[in-house]
Amino acid sequence: MPGIAVIEGDGIGKEVIPVAKLVLGTVRPDLEFFPVEVGYGRWERTGEAITSEEIRAMKEADAILFGAVTTPPDPDYRSVVVRMRKELDLYANVRPVQGGDADIIIVRENTEGLYSGIEEVGPDRATTVRLITRRGSERIARFACGIARERRHLTIGHKANVLKADTLFRDICIGIAKEAGVTFQERFIDALCLDVLQHPNNYDVIVTENMFGDILSDVAAYLVGGLGMLPSGNIGDRSALFEPVHGSAPKHAGKDTANPVAAIRSAAMLLEYLGDRRNAARIEEAIGRVMASGVKTRDLGGMAGTREMGEAVAAALAR
Ligand code: NAI
Ligand code: MG
């Protein structure tokens with residue numbers, strides 16, 4: 001019986017994750033869910049957003065389903081998400097952008113780059129180190145090539161024309177793509193952000209450094225109807241965490257208006273990770289059928305509430 005750690009987090013995480021759990025339970029009644037609390041709510045209650053206790057619970061799970069957390073107004077606050085990614089060594093952030101003209105998988109390095117955490121803040125000068133290592137670049141390039149080998153080709157997104165660190169990243173990615181026999185192209189990240197919107201068909205698997213991938217995937221969300229649609233996986237060699245790309249969207253919290261599709265799709269990715277491709281595909285197919293029947297949340301021009309949308313997907317699966 002696979003054990004799934006479920007972290008709702010804050011804001012709309014508390015609405016979309018129960019819906020994703022409902023859909024998961026419909027296709028896989030054998031899954032065992034256990035709740036783990038991290039985030040702003042926990043910080044308000046206890047003064048700590050996350051402790052080693054929660055990290056341990058996550059390490060014990062077969063997979064983790066995560067909503068989103070709100071960043072508290074605390075200058076010394078250390079990002080919960082960055083801490084989880086580092087401690088569980090979830091080095092590959094996989095963000096499929098699929099729908100309409102797009103069938104793209106963005107593979108973002110998830111542990112270093114501009115989110116290295118190496119920072120110095122003074123009154124007149126602040127620096128953040130953008131760390132690129134051979135080990136970090138090799139493993140993300142291998143991961144991306146592993147996906148690209150089963151698909152069409154790889155695009156390496158970088159800014160090697162300006163950033164010295166990116167020549168290392170680019171050269172390592174090229175070396176590994178050649179070694180793996182993967183067809184590849186390279187693009188400067190700024191031009192890539194525009195071209196991906198104009199010619200989504202030219203892209204298949206895209207590999208980038210941490211922050212470039214963060215920005216590129218929010219940009220590419222435009223192709224598929226916005227952030228409410230985009231799922232993601234954070235994958236390491238021993239743990240994996242699945243979450244919508246969006247955050248806790250406090251403006252929408254508690255209103256039953258958030259789109260749960262990103263969270264439901266993240267649950268489908270979790271099943272795929274557990275080796276259950278059949279049910280992952282069934283969930284994707286059910287989402288497509290429900291949306292085609294006109295049931296959509298407000299961000300996509302529909303009228304359905306969060307819960308109603310999730311129940312429609314669960315009902316489509318039960319039919
Ligand atoms: P956000 O993704 O929460 O929301 C941005 C806007 O996108 C929302 O105002 C809303 O209009 C739209 N949106 C996002 N998800 C939606 C959904 N499911 N349905 C309908 N519309 C949706 O990003 P924002 O506003 O920058 O951040 C809010 C909080 O979330 C912050 O505290 C931030 O730190 C946190 N955050 C957490 C993340 C995580 O836990 N992985 C990721 C991104 C942000
Ligand atoms: Mg982001």
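Atoms within a ligand are numbered from 1 in the order they appear, just like the ligands themselves. Along the sequence shown, residues carry numbers from 1.
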When you check the gap from the basic side-chain N to the acidic O, do K159 and D166 get nearer than 4.0 Å?
no
Strictly under 4.0 Å, does any heavy atom of A262 approach an atom of ligand 1?
no
Under 3.5 Å between some N or O of ligand 1 and some N or O of E243?
yes
Using a strict cut-off of 4.0 Å, indicate which atoms of ligand 1 neighbour a heavy atom of F66.
40 (O)
Any Lys/Arg nitrogen of R139 or D89 sitting under 4.0 Å from an Asp/Glu carboxylate oxygen of the other?
yes
Same cluster (ILVMFWY, side-chain, under 4.5 Å), V81 and I55:
yes
Between T51 and E48, is any side-chain donor less than 3.5 angstrom from a side-chain acceptor?
no
Taking distance alone, with no angle check, do V81 and ligand 1 share an N/O pair under 3.5 Å?
no
Taking only non-hydrogen atoms of V16, do any sit less than 4.0 angstrom from ligand 1?
no
Does ligand 1 have a heavy atom under 4.0 Å from the side chain of I12, from its backbone, from both, or from neither?
side chain
Residue pairs passing the ring-ring contact (aromatic ring centres under 6.0 Å, His included) test where at least one lies in residues 261-311, sequence neighbours excluded
F242-Y273
Sequence neighbours excluded, which residues qualify as salt bridge (charged side-chain N to carboxylate O under 4.0 Å, His left out) partners of E138?
R134
Regarding atom 35 (C) of ligand 1: of the candidates D10, V69, T70, which has the closest heavy atom?
V69
Would you mind running through ligand 1 and noting each atom that sits below 4.0 Å from a heavy atom of K251?
9 (O)
A249 N/O to ligand 1 N/O under 3.5 Å:
yes
Rounded to the nearest 0.5 Å, what separation is found between the CG atom of L24 and the CG atom of L317?
10.0 Å
Select one of side chain, backbone, both or neither to describe which atoms of H246 lie under 4.0 Å from any atom of ligand 1, heavy atoms only.
both
List every atom of ligand 1 that sits less than 4.0 Å from any heavy atom of D299, numbering the atoms from 1 in the order shown and giving each element.
20 (C)
Polar contact flag, side-chain donor to acceptor under 3.5 angstrom, H158-E209:
no
So, the side chain of N279 versus the backbone of R282: is there a donor-acceptor pair under 3.5 Å, distance only?
no
State the atoms of ligand 1, each with its element, that fall below the 4.0 Å cut-off from a heavy-atom position in L227.
2 (O), 7 (O), 14 (C)
Run the numbers for me: atoms of ligand 1, each under 4.0 Å from some heavy atom of A258, listed by number.
19 (N)
Distance under 4.0 Å to a non-hydrogen atom of G228: what atoms of ligand 1 satisfy this?
17 (C), 18 (N)
Where ligand 1 meets P250 - atom numbers and elements under 4.0 angstrom, heavy-atom basis
28 (C)
Salt-bridge contact R238-E87 (side-chain N to carboxylate O under 4.0 Å)
no
Which part of Y40 is near ligand 1, with near meaning a heavy atom under 4.0 Å away: side chain, backbone, both or neither?
neither
